[in-house]
Structure formats: C-alpha cells, structure tokens
Amino acid sequence: MGFMLKKPANEPGRSAPAIMVGMFVAFGGVLFGYDTGTISGILAMDFFKQQFARNWNADGKPYLTSSEISLIVSILSAGTFFGALSASFLADSIGRRLGLIASCVVFSVGVVLQTAATEQNLFVAGRAIAGFGVGLLSAIVPLYQSESAPKWIRGTIVGCYQWAITLGLFLASCANKGTENRDDTGSYRIPIAIQFLWAIILVIGMLILPETPRFLIMKDNLEDATKALARLRKLPIDHTAIVMEIDEIRSNYEYEMSLGKGTFADCFRSGMLKRLFTGCAIHALQQLTGINFIFYYGTHFFQMSGIKTPFTIALITNLINVGATVPGLWLVEKAGRRQLLFWGAVGMCTFHFIVAIVGVTSKSDTTNKVLIAFVCMFIAFFAASWGPVAWVVTGEIFPLKIRAQGMSMAVATNWLFNWALAYATPYLVDAGPGNANLRSNVFFIWGGCTAMSVVFVYFMIYETKGLSLEEVDELYYSVPSARKSPGWVPAEDYRETLEKGGVKGEHYEG
C-alpha cells in the first residue's frame, strides 16, 4: 500500500492547486475552533467574573451561576444551529465562495458586540450572532472542499477542516493563557478581538479563489465551470480529462434534476433517508463522545477536580488535539472511513470507562494524574478519527442537487447536540441545589454513547475512499448494505444504465 499518499498514475494534471485551495478554505475551521475555545478560559478569569457576574459568595467574591454559564456557553451553539440550517440557501443562491465571505461578515458583527460588551446581555447577543456566522461557515467550508478536491485525497483535504478547528482551539488556549492574569478588560477582550484577524484572512483569500465547478454547473454556467476546474487541476480547458470530468458532473446533475428540483423535502425521500440519517447521526454521535465537555468546560472541570494548574492542562489537551489530528489526515485515505471511525470509537469508549471508574473509586493526586492521562488519550483517539472523518463523510454522501441541504441538516444536528450538551453539562457536573453533581461519573455517559458509535459505524458507514462524488452516489444506489461497501468497484456504464431505469454495478467484499 505504501506509506505516502500518492496521486494515481492515471490522474492527469497537477493536484497541488486544488490541495492548496482546499487547505486554505479549511482556515474557516480556525474561526470555528477559536470562537468555541476562548470561552472555556474566559469563564475562569477573575476579571471576567468581576465584570459580568451578578452574584457574590459569602467571601464577597463574584461568581457565575450554572444557569449563567449554560447561557453564555450554549447560546453560541444555538446561533450556529440556525446558521447551519441557513447555509444551504446562502450557498445555493450566491455560491460557496461568496457564502463564505458573507459568513465572515456576520461572524465579525458578533465579535464586535462581544468585544464592546460590559454586561451579560450584550455579550450573550454577540455570541449568538457570532454563532450564526460560525454555523454558516461550518456547513459551507466542507461543502466547498468536497466539491473542489481531487477524489484520491478528498478525505485528507476535508479532514484539514477539523485540523484547523483544533488549531483554533489551541490558539484560543494560548491567548487565554497569555491574558489570564491581566487585571483589566484586556484579559477577555484581547482573546475575543483576535478573531477579527482570522475573518480578515479568510475573506482576502476567498476574494482570490475560484468558485466550485459543481456550483457553476448548478447555475448552468458551463464555461466558468470548465475554467474553474482547469484552474484547480492545472490543465488546459480543452484537455480530455477536464472535458470528461465536467461532462460527468453535468450529466449526473441533469439526471438528478430530471427527477425534480432539490429541496429539503427531497432529503426525506426513501432513496435519501439513509444518507440523511447517516449524516445527522454521525454528527450527533461526534458531539456525544464528550469532546466539547473537555474544550468548553475543561478548565472549570479540572479546577473542580483539585488540579492546581487547570489553564496549563487545558493548553496541553489542546496541543494533543492539534497533533493527533495529523495522523488522522493520513489514515482517512490509507485505512479508509469505516476502519478509522470504528477503531476510533472503540478506543474512546475504553478510555471513557477507565476515567469514570478511576474517578469514582479514588480521590488523590495520583488519581488526578491518571484522569488527565486518559483524558489526553481519549482526545488523541478522537482527533485522529471522529474529529475529521465526520466532516469527510457528510461532505461526500449527498448528491449534488441536495448536497447543500443535506450538509445543512447534518451540521445543524451537530450544533443542536452541541447546544444541548453545552447547556446541560454544568447542571450534570456541578454541585449545588438542582445539579446532579456527577463530576467524573459523567464519563460513564460518554462511554455509553461511544459504545453506540461502534454499532452505528458497523451498520451504517459506507467506505467511500478513492471514489468521486458521483461514484459515491452510484455506490449508495448499487450496494444495499454498508458492510459490503469496502472494495466496491463502480460500473463504467452506470449513468447510461440509470437513465434507462435500472442500476448496474458490481461490488466485492474487501
């Protein structure tokens, strides 16, 4: 199989331009990761509590209640939910490229309000608006990447979106660490205002980069679609490979449209329902791994567990998240989607139960070290598997006419569960009236959910490694069971056969 990812010998042109475009667009993940990552450290800052808290304890120190923490953290996810649902309209009307630029503008408005805020209401409003922008980005970025990338490395390119998210989380942790001891508004305003830089970088890049060929085909702009694909593949517009790929995309789309215009309702029809369930379930289960428990509430949780350097531990967990994503970008094309998701879930499940059992049975400095070690191992397994691959899968499984709608609903599911967990976690973990005070016991919940993920992957995830987006469509029509998808071979005359009312394809079990 070989260690390196190599372009197939029969693949004409150069892949470097498309790879660089896809990796740059992944920068949108930095906005996503940084915005979600800043809040964990900001909530633990003394000056932020002094500025925004509405309650004081017996010692006269300000503190944020569980309900206030829930609102401040989860309102971002509420905004992202509606942003993700709106992304399909934006991406299909003005395009993937301009949609990303518009998303950055919305995001920046939210950042302005958060930076200017001196009381909770304005800060919460800013987080909601910024969340709407992040929701738009989170659906359009992998859509742009999937439609632009060469099929042999598409998984790695889309996976770079998750790597950018982890980088954003790490940069947020660094910013929080650098300002945590400031005794002025700069302690929280500096980390928040830095986000303007990420938005500006992405907007400048998108002003230069091309629109995706598949969107241009949707708009019946064959000339510009051919130019865009030729630019991505570094080939002349009249090259045979460009003509054939454009013809495949156009024929596939025209056949889809002959059956009716794509709408949200089409995602619920019998032929698409399995794909919609797969896309929504994989994003729900990605959240139910408990990963954002660590990155939203990690600093707060480590403080409650008696760990003396919670900001430092949070920085370490973010660094592991960044580093462990890199082998996942290689494995997604070498091992494939199914294998990586399956064994990733097995590993995460194991580490969750170890953390839960150790946390319940012992309380000491040694216990804290064990807890930190296995939390770090869980993060490493997540970062190398479910982190990037969930985005890869949802970017591949929907046909062109409903790809934006399918992506929107799948990503909205991610944010819906993100919001629910962000809102519920303080009540589950904290002590006090009305709270469950689970502490380390919460890892039993995450362990049970990752056990469900193992079963889900076995029965529902198709192996799409090395297939074009049009061939993925053929795969779903030709193979009724995900378990039989590894090693499947596309039929050369699939389009002709489909247009005659039948489906022809062969597969074998790898």
Side-chain angles (χ1 to χ4, degrees), residues 34-82 109-132 134 172-173 175-195 292-307 310-311 314 415 418-439 442:
Y34 189 94
D35 197 44
T36 56
T38 50
I39 199 62
S40 175
I42 285 173
L43 288 173
M45 291 178 181
D46 291 335
F47 194 87
F48 182 83
K49 295 175 187 176
Q50 180 182 325
Q51 184 77 34
F52 290 91
R54 296 168 177 170
N55 298 277
W56 287 261
N57 61 22
D59 297 327
K61 292 184 178 180
Y63 70 94
L64 295 165
T65 64
S66 294
S67 61
E68 288 173 330
I69 292 173
S70 289
L71 178 62
I72 291 171
V73 174
S74 66
I75 195 67
L76 178 91
S77 302
T80 53
F81 172 76
F82 292 105
V109 172
V111 174
V112 169
L113 295 180
Q114 290 178 78
T115 306
T118 56
E119 49 83 34
Q120 278 191 35
N121 292 337
L122 185 60
F123 190 81
V124 168
R127 280 184 61 77
I129 294 171
F132 191 87
V134 170
S173 186
N176 287 338
K177 179 67 176 173
T179 64
E180 63 171 312
N181 295 320
R182 288 180 65 109
D183 192 28
D184 56 26
T185 58
S187 59
Y188 66 88
R189 279 178 169 161
I190 291 172
I192 292 171
I194 287 173
Q195 295 174 103
N292 280 324
F293 166 72
I294 302 298
F295 292 117
Y296 281 160
Y297 296 106
T299 308
H300 181 59
F301 176 74
F302 292 138
Q303 280 179 330
M304 290 193 309
S305 300
I307 294 169
F311 277 91
W415 288 114
N418 187 302
W419 169 81
L421 293 171
Y423 187 82
T425 294
Y427 297 105
L428 291 173
V429 177
D430 289 354
N435 295 334
N437 194 25
L438 291 179
R439 306 224 171 192
V442 75

So, for [X] and [Y], which heavy atoms are closest and what is the spacing to 0.1 Å?
| X | Y | result |
| --- | --- | --- |
| Ala175 | Tyr34 | CB-OH, 3.4 Å |
| Thr80 | Gly131 | CG2-O, 2.9 Å |
| Gly110 | Ile129 | N-CG2, 3.7 Å |
| Phe293 | Val442 | CZ-CG1, 4.0 Å |
| Thr38 | Pro191 | CG2-O, 4.1 Å |
| Ala53 | Pro62 | CB-CB, 3.7 Å |

Measuring from atom [atom1] of [X] to atom [atom2] of [Y], what distance do you get when rounded to the nearest 0.5 angstrom?
| X | Y | atom1 | atom2 | answer |
| --- | --- | --- | --- | --- |
| Phe48 | Thr179 | CZ | OG1 | 12.0 Å |
| Gln120 | Glu68 | CD | CD | 4.0 Å |
| Asn55 | Lys49 | CG | NZ | 12.5 Å |
| Glu119 | Gln51 | CD | CD | 9.5 Å |
| Phe82 | Ser77 | CZ | OG | 12.0 Å |
| Arg127 | Leu113 | CZ | CG | 13.0 Å |

Hey, does [Y] have a side-chain heavy atom less than 4.5 Å from the side chain of [X]?
| X | Y | answer |
| --- | --- | --- |
| Ile42 | Ile192 | yes |
| Gln114 | Leu76 | no |
| Leu64 | Leu43 | yes |
| Leu421 | Asn292 | no |
| Thr115 | Gln195 | no |

Quiz item: Going by the angle between their ring planes, with limits at 30° and 60°, are Phe52 and Tyr188 parallel, tilted or perpendicular?
Solution: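 If you compare the ring of Phe52 with that of Tyr188, the planes turn out perpendicular.
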Self-check item: Residues forming a side-chain hydrogen bond (donor to acceptor under 3.5 Å, both in side chains) with Asp183, sequence neighbours excluded
Solution: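 Counting only residues at least two positions away or on another chain, Asp183 forms no side-chain hydrogen bond (donor to acceptor under 3.5 Å, both in side chains).
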Exercise. List in chain and number order the residues that pass side chain to side chain contact (heavy atoms under 4.5 Å, CB included) with Ala128, two or more places apart in sequence or in another chain; answer none if no residue qualifies.
Key: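 Partners of Ala128 by the side chain to side chain contact (heavy atoms under 4.5 Å, CB included) criterion, ordered by chain and then number, come out as Ile75.
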